[in-house]
Amino acid sequence: MSILFTPAKIGTMELSNRLIRAASHEGLSDWRGRPTDEQFLFYKGFVKGGIGLIITGYAGIMQSGKSALFHMTMIDSDELIPDHKRLVDRIHQVGGKIVLQIAHCGRQTWSSETGKPLLAPSAISCGFYREKPKEMSEEEIHNVTEGFAMAACRAKEAGYDGVEIHGAHGYLLSTFLSLHSNKRADKWGGSLENRFRIVGEVLKAVRKSVGMDYRVLIKLNTYEKASDGMNSEECALISKMVGQTDCCDAIELSCGTSEDGFVMARGEFPTDAIFNYLRPYCNYSSEVKFCMKTFVVPFVKLKQPPFSEGYNLEASAKVKQLVSLPIITVGGMRSKRFMEEVIEAKKTDFVSMARPLIREPNLPNKFRDGISESASCVSCNQCVVASDTRSIRCYYKKPKVDS
Ligand SMILES: Cc1cc2nc3c(=O)[nH]c(=O)nc-3n(C[C@H](O)[C@H](O)[C@H](O)COP(=O)(O)O)c2cc1C
């Protein structure tokens, strides 16, 4: 029997297999961030498709951390609990397990979205969003820590099987961890211990609010493009500190930030999708399009690390040497044999996928039943570009071979 379909535990939660749906912003909540029927149907597809665990797209813990992407799910108020509960109950009824990812977007959003000043460890803007954040005060750090704890408490009340704290991709917590974005000289910056402090505080506060048996996961970056950004050695040490808090049940490993471009979701540079996206905003001519395709796109591609299957695995193997917590690795996992091999080689305990499951929610069953050996996702990244303004779906036109 394939190792992918052997059961394994995250904390007290037993999963029927090693395949996890990685958080992918859905844009399916309503204007206030309430989960909708469409969201349930979307998740139900994964349950029917055989996934071991769903991790939801990121949910905002407070208004100051709201995403600029289309219709972020929110968990910033008790008033939202009944809508979340309705979603979770229905997922449980169809036999699924679901963890809510909780996040504060930090400097990767716009104040026009949040209605509040952007928050970050230091007053340095992100190269993509380009709005200067304010350096957080002690009080604001405390409020955010409490915000995570309260959000986790609401998730538990709604019945989610656990929460995943978003500590990756350039959002607030990861900007504290990275020397590239954290230039503080106080106890929240400088040494690795200091940069980790807010994450440790959040983990402890969350654990205190949800109790010992509830599942708490965290997503961390193994790599950032900037030379002073996160690298796999630092990530391994941070993961060890996460383990030492005794407040976490599993670590998911990813990479990249918004200003890093498509590093986290490696693959194609979605030229056409970006042109379509920009069309309403600028009146570009065919010459501009030609120049972009001929000069700009190859240049951007040159600066990106190439796609290779399981591109965060080298780092996760390092983390596994230092940490006994279950490790989930995301990023470019595409073929069944490869996933089996890396679990057998103990480079990771679980495999999570985002883009392949947008295209084929039933990929786990196809693997199990021998219908497919590899995902048909071509990593064209049109789904990533579209998440700014539209709900989630696969935009790649070529028909699926297997379904
Ligand atoms: C449309 C889209 C939305 C995403 N939204 C999130 C998110 O809300 N939270 C998160 O941690 N990662 C998010 N990601 C990143 C994925 O979880 C994952 O790290 C990345 O896509 C690489 O994995 P893959 O090769 O399996 O797609 C998103 C990815 C995609 C494609």
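Nothing here was measured: the structure is a model prediction, and the numbers come from that model. Whatever order the structure lists ligands and atoms in, that order sets their numbers, starting from 1.
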Would one find more than 12 heavy atoms of other residues, nucleotides or ligands at under 6.0 Å from atom NZ of Lys346? no

Could you tell me which non-hydrogen atom of Ala250 sits nearest to which non-hydrogen atom of Ile328, and how far apart they are? CB-CD1, 4.3 Å

Under 3.5 Å, is there a donor on one side chain and an acceptor on the other for Arg359 and Ser376? yes

Tell me every residue that passes side-chain hydrogen bond (donor to acceptor under 3.5 Å, both in side chains) with Glu201, counting only those two or more places apart in sequence or in another chain. none

Per-ligand residue contacts, ligand 1, heavy-atom threshold under 4.0 Å: Ala22, Ala23, Ser24, His25, Gly57, Tyr58, Gln101, His166, His169, Lys219, Ser254, Met264, Tyr311, Val330, Gly331, Gly332, Arg334, Met353, Ala354, Arg355, Pro356, Cys383, Val384

If you take all heavy atoms of Tyr160 and Val99, which pair is closest and at what distance? CD2-C, 4.2 Å

Just checking, any donor-acceptor pair under 3.5 angstrom between side chains of Gln39 and Thr73? yes

